Each structure stands twice: as C-alpha cells, then as structure tokens.
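Notes for the one structure printed next.
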Protein chains: 2
Amino acid sequence: MARMVAERSDAIASLAEVFREHGYEGASLALIGKATGLGKGSLYHFFPNGKEEMVQAVLAEIEQWFEDSVYSPLRDGTDADAAIAAMLDETTKYFRSGRRVCLVGALAVANTRDLFAQAIRGYFVAWVDALQSALVRQGREAEQARLLSEDAVLAIQGAIVLSRALDDPAVFQRAIDQLRGRLAVKGKTIRDEGSAPVSP
Amino acid sequence: MARMVAERSDAIASLAEVFREHGYEGASLALIGKATGLGKGSLYHFFPNGKEEMVQAVLAEIEQWFEDSVYSPLRDGTDADAAIAAMLDETTKYFRSGRRVCLVGALAVANTRDLFAQAIRGYFVAWVDALQSALVRQGREAEQARLLSEDAVLAIQGAIVLSRALDDPAVFQRAIDQLRGRLAVKGKTIRDEGSAPVSP
DNA sequence: TAATGTCTTTACTGATCGGTACAGTAGCCC
DNA sequence: GGGCTACTGTACCGATCAGTAAAGACATTA
C-alpha cells in the first residue's frame with residue numbers, strides 16, 4: 001500500500017486546519033496523522049524536521065494565498081477602492097466570519113512565537129504595506145494611510161478574538177462593516193456611525 | 001517542611017504569568033511547579049482539579065482586577081471621559097504596551113476555549129457593557145455606543161496580536177492613541193486622523 | 001523481469017505528560 | 001505533651017509525547 005497521497009502539498013490543507021484547531025503544541029502527531037491520513041513514517045518522509053517544518057510549510061502556503069488573493073490586488077489593482085472592498089470580502093470568507101482562527105495571529109500570542117517570528121512578521125508587514133499602498137492610491141497622505149492600515153489589520157485580528165470569545169459571528173461582521181466605512185475614499189461613502197478620515 | 005506558602009492566593013500571580021507565557025497546554029506541571037515554587041503535592045492540595053482549576057482561579061482573579069480597576073469606574077465614575085481615559089491608561093500598563101499577552105484573549109483563540117467559555121465570555125461582555133455605559137453617559141445614543149464599545153475592546157485585543165507579531169510596542173501605543181481620539185466626547189478632542197462619530 | 005527510488009507500515013525508544021498515593025513534617029489547639 | 005489539621009516531598013502510575021529505524025510495498029524505469 002503506497003502512494004496514496006502523491007504530493008506533499010496535498011497534506012498542507014489538512015495540516016493547516018489541525019494547527020488552527022489545536023495550536024502548535026496541542027496538535028500531536030497522532031492528531032496530525034488522523035487529520036492527514038498519513039502515518040508517522042510518511043509525515044517524517046515529507047517533513048523531515050517534524051512539526052516545526054509542517055508549520056513552516058503551512059505558513060508559507062498561507063502567505064502565498066494572501067499574496068495572491070489580497071496583497072497583490074491591494075498593491076497593483078487599478079481600482080484601489082475595489083481592491084479594499086475585495087480584501088474585506090476575501091477576509092470574511094477566509095476567516096469564516098470569525099469562526100475560523102487566524103493561525104498566524106494565534107502563533108503570535110503563543111510561546112512558539114519566536115520559532116516562527118520571521119514568517120509571522122512577514123505576513124503582517126506585507127498586509128499592512130499592501131493596504132497602505134491602496135490607501136495612498138486613494139489619495140491619502142502616506143503617514144495617515146500607514147496608521148489607518150495598521151488599524152484595519154489590527155481590527156480584523158481583534159474581531160476574530162472577540163467574536164470567538166462571545167461565540168458570535170455577528171461581532172466579526174460588524175467590525176468588517178465598520179472598516180468598510182473607515183477605509184472608503186475620503187469624504188464619500190461615509191456611513192452614519194462610520195468615521196471618515198478628516199483631512200487637515 | 002510545611003507552610004511555606006500560607007495562602008493559595010499567593011500562587012495565583014505566578015500561575016497567571018506561566019499560563020500567559022506558555023498557554024494552557026504548554027504550561028506543564030513541571031513549569032508550574034518551578035514558577036510557583038510549589039511541588040505537585042501542594043499544587044493538588046490547593047487545586048484538587050489540577051490545571052483546569054488553576055486556570056479558573058486565575059481567570060477569576062483577572063476578572064476581579066478588571067472589575068475593580070476598569071469596569072467599575074466605567075460604569076459608576078462620575079466623569080465618563082475620565083473613566084475612559086483611565087481605562088486606556090490601566091490597559092496600557094496591564095498589557096505592558098502589548099508585550100504582555102491577554103490570557104483571556106489567548107484562551108479564546110485556542111482549542112481550550114470551550115473549557116473556559118463562560119469565564120471568557122463574561123470577561124468580554126462585562127468590558128463591552130461597562131464601556132458602553134460610559135459612552136452613553138457621554139451623551140451618545142445607546143446603539144452607537146454599543147458599536148463603538150465593541151470596536152474599542154476588539155482593537156485592544158488586535159493591538160496585542162499585531163504588536164507582538166511585529167515585536168513593536170509602538171504599534172500598541174498608536175492603537176491606544178487612536179482609541180483615545182475615537183472615544184472622546186463627540187465633537188471635541190478630534191485628532192486629525194481620528195474618526196469622530198457623526199450624529200445623524 | 002529486475003533494479004531503483006518513493007513512499008508506507010510497524011515497532012520501538014526515552015522522555016515527559018497529568019495525576020495519584022502516601023508518608024511525613026510543621027504549626028496550632030487542648 | 002498529644003493529637004489534629006494543613007501542607008509538602010517523593011515515588012510512582014499508565015498514557016502519550018516527538019521522533020527513529022528498518023523492512024516492506026508499489027510505480028517507474030530500464
């Protein structure tokens with residue numbers, strides 16, 4: 001019985017899910033084996049450095065997905081406003097309205113942070129930079145765009161935490177809607193409770 | 001050799017720190033013993049139900065601290081604006097500008113969430129409710145105050161995540177400053193990049 | 001068909017896990 | 001002084017941990 005999972009990459013989606021659900025320490029090789037359908041032998045064949053390499057592979061795939069689906073449109077999209085709206089939509093889908101944890105964020109607050117510091121940092125730096133770029137293309141000043149971008153990324157992470165804590169996806173939705181207003185082009189599309197940036 | 005730590009409560013601060021630093025699963029009894037200076041015998045004498053009871057005790061103490069230092073002033077303070085400013089100051093100190101993790105938030109995104117669901121939920125519900133109360137006393141409409149309150153609590157959690165991910169306490173500070181503007185009384189103290197609620 | 005390289009299974013290691021049992025020891029009350 | 005209770009250290013439990021080793025099974029190539 002061999003070659004049931006031909007590609008190492010086939011396992012990465014399952015790995016991501018099991019690490020999201022159980023964390024780095026909580027995801028035992030037994031759980032990982034069950035989730036991927038792979039025995040220890042196969043796991044160590046594909047990932048000779050064990051769990052650490054598995055997480056690094058998962059983080060690389062996550063980064064790639066965000067690069068393609070979120071960062072790249074934010075940086076290069078002709079319509080900055082549309083790219084920002086798409087970011088919020090994709091993010092909502094990806095995190096399942098807060099029901100799904102952000103693995104990168106979860107690793108950042110865990111004691112394993114140092115092990116994956118570079119990947120964690122890279123993920124967030126790229127996100128903030130890409131969003132800032134879109135905000136600048138909207139016509140905002142660079143410094144203000146940076147603050148707003150940081151604020152938006154941070155709000156998404158906080159929304160995941162709070163909506164899980166309250167077990168209420170509506171909290172996540174409201175946070176995204178709030179962002180939709182705050183990230184809209186200056187002076188237009190201001191929602192009644194929204195907060196438009198005020199130019200000096 | 002007995003009675004070296006007279007009170008069970010003496011251990012709780014150490015317990016809180018070790019759970020913050022290593023998480024629920026990561027905090028082994030060996031680590032806990034080292035952190036508290038207590039052997040397994042003493043630990044199980046004070047907390048017969050093991051780690052779970054230790055965490056519950058820590059959560060209860062955290063809730064109490066926030067109740068006294070943050071929620072109660074927000075609910076009952078004569079000067080709502082001052083209570084909000086105090087909340088931001090106390091929060092910054094407590095979380096050490098993002099260098100210290102929020103245990104409740106960390107548990108909320110871990111797989112152990114269900115074990116402590118009630119305590120986690122209680123912590124955040126109380127926070128949002130208390131802040132909303134202060135915002136209403138500022139003269140805001142209830143619904144709007146609720147949204148803004150949720151948004152602020154969520155931003156603090158997100159600020160911890162992002163500032164740890166980027167290993168930069170300034171990120172946390174900026175987020176708190178941003179909140180200082182957004183939570184100020186309508187129409188005054190609006191910072192240039194801030195976002196004041198717009199009354200209908 | 002034979003050899004090769006790629007996977008997979010199985011059995012195993014030593015360490016550590018959370019938790020228990022229990023014999024003690026120190027302080028307190030009488 | 002003699003119990004009594006409160007606490008502590010140690011030895012131990014079975015389970016599980018991450019990781020290793022090696023032989024077997026299959027597909028591909030020759």
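Only this structure's heavy atoms are used, side chains among them; waters, hydrogens and symmetry mates stay out. Proteins get letters first, then strands, A, B, ... in listed order; numbering begins at 1 in each. Since this is a predicted model, take the numbers as computed values, not measurements.
Between Trp127(B) and Tyr71(B), the ring-plane angle classifies as tilted under the 30° and 60° cut-offs.
Here Gly39(B) lies in heavy-atom contact (under 4.0 Å) with sugar-phosphate atoms only. Nucleic acid contact for Gly50(B): sugar-phosphate only, since backbone atoms but no base atoms lie under 4.0 Å from a heavy atom of the residue.
Sorted by first and then second residue, the pairs that involve residues 100-125 of chain A and meet side-chain hydrogen bond (donor to acceptor under 3.5 Å, both in side chains), not counting sequence neighbours, are Glu17(A)-Arg100(A), Glu25(A)-Asn111(A).
Which of dT8(D), dG18(C), dA18(D) sits closest to the side chain of Phe46(B) comes down to dT8(D).
Taking atom CE of residue Met54(A) and atom P of nucleotide dC17(D), one finds them 13 Å apart after rounding to whole Å. The CZ-P distance, from Arg8(B) to dA6(D), rounds to 15 Å in whole Å. A straight line from NE2 of His45(A) to C1' of dG5(C) spans 9 Å, rounded to a whole angstrom. Here dT20(D) presents its C1' atom at 14 Å from CG of Asn49(A), a figure rounded to the nearest Å. Rounded to whole Å, the distance from CD on Glu53(A) to P on dG19(D) is 11 Å. Remark: C1' of dT20(D) and CG of Leu43(A) are 14 Å apart, rounded to the nearest angstrom.
The residue among Gly41(A) and Gly26(A) whose nearest nucleotide of DNA chain D is located toward the 5' end is Gly26(A).
Remark: Asp79(A) pairs with Asp81(A), Ala82(A) by the side chain to side chain contact (heavy atoms under 4.5 Å, CB included) rule, at least two apart or across chains. Under the ring-ring contact (aromatic ring centres under 6.0 Å, His included) criterion, Phe19(B) pairs with no residue at all, not counting sequence neighbours. Remark: Tyr44(A) pairs with no residue by the ring-ring contact (aromatic ring centres under 6.0 Å, His included) rule, at least two apart or across chains. Residues passing the side-chain hydrogen bond (donor to acceptor under 3.5 Å, both in side chains) test with Ser133(B), sequence neighbours excluded: Arg137(B). Residues satisfying the side chain to side chain contact (heavy atoms under 4.5 Å, CB included) test with Glu143(B), not counting sequence neighbours, are Glu141(B).
Contacts between residues 28-35 of chain A and DNA chain C, counted as heavy-atom distances below 4.0 Å, involve no residue at all.
Here the options are Ile62(B), Val70(B), Asp89(B), the test is side-chain contact (heavy atoms from CB on, under 4.5 Å), and the partner is Tyr94(B); only Ile62(B) passes.
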Name each donor-acceptor pair under 3.5 Å that joins a side chain in residues 54-61 of chain B to protein atoms two or more places apart or in another chain, with its distance.
none

Between the protein and nucleotides 11-15 of chain D, which nitrogen or oxygen pairs are less than 3.5 angstrom apart?
none

